[in-house]
Amino acid sequence: VVACWVILEQAAASAATPREAPQTPTEFTAAVLADHHADPAAVASLLSLYHEARFGDAVLPDEAASTAAAALRTISASLSRAAAARGDSP
């Protein structure tokens, strides 16, 4: 779960979007994803799982990893569609 979110953070860091000084990496990543029209439900799902995995006290359910991977695939597909609509490469 954490690895899925970190992939997005790394991609956001390499984007041409400047990060505001007070933004955490997570806030910046969420903002970049929104600006690039990533699927908002998938972003919310993955972000929620990430917060649970990173900061929660409970053990994540067994299906959390597959849910995170599915959300990451959905985000990737939505970014590709948005880039194609703009005539950009993803």
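Positions are given from 1, in the same order as the sequence printed here. Any value given below was found using the heavy atoms of this structure, including those in side chains, with hydrogens, waters and symmetry copies removed.
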Spacing of [atom1] belonging to [X] relative to [atom2] belonging to [Y], to within rounding of 0.5 Å:
X   : Y   : atom1 : atom2 : result
R81 : H37 : CZ    : NE2   : 12.5 Å
I75 : L46 : CD1   : CG    : 5.0 Å
E9  : L33 : CD    : CG    : 10.0 Å
T67 : L72 : OG1   : CG    : 12.5 Å
D39 : S76 : CG    : OG    : 11.5 Å

Where [X] and [Y] come nearest, the two heavy atoms and their spacing:
X   : Y   : answer
S14 : A11 : OG-O, 2.9 Å
A31 : Q23 : CB-NE2, 3.9 Å
L79 : H36 : CD2-O, 3.4 Å

> Is there a side-chain contact between V1 and E52, using heavy atoms and a 4.5 Å cut-off?
Replying inline: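 Not in contact.
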> Is there side-chain contact between W5 and T29, with at least one heavy-atom pair below 4.5 Å?
Replying inline: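 Heavy-atom side-chain distance check passes, below 4.5 Å.
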> With no hydrogens and no angle check, is any side-chain donor or acceptor of T74 less than 3.5 Å from a backbone partner on A70?
Replying inline: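 Answer holds: yes.
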> Are the side chain of S45 and the backbone N or O of A41 linked by a donor-acceptor pair below 3.5 Å?
Replying inline: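 Such a contact is absent between S45 side chain and A41 backbone.
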>> Run the side chain to side chain contact (heavy atoms under 4.5 Å, CB included) test on T26 and R54 for me, step by step, so that the C-alpha distance in whole Å, both residues' side-chain angles and the decisive distance to 0.1 Å come before the verdict.
In response: CA-CA 12 Å; T26 300; R54 185 91 161 85; over 6 Å; no
Hydrophobic cluster membership, with links at side-chain heavy-atom distances under 4.5 Å among I/L/V/M/F/W/Y: are [X] and [Y] in one?
X  : Y   : answer
I7 : F28 : no
L8 : V32 : no
V2 : L47 : yes

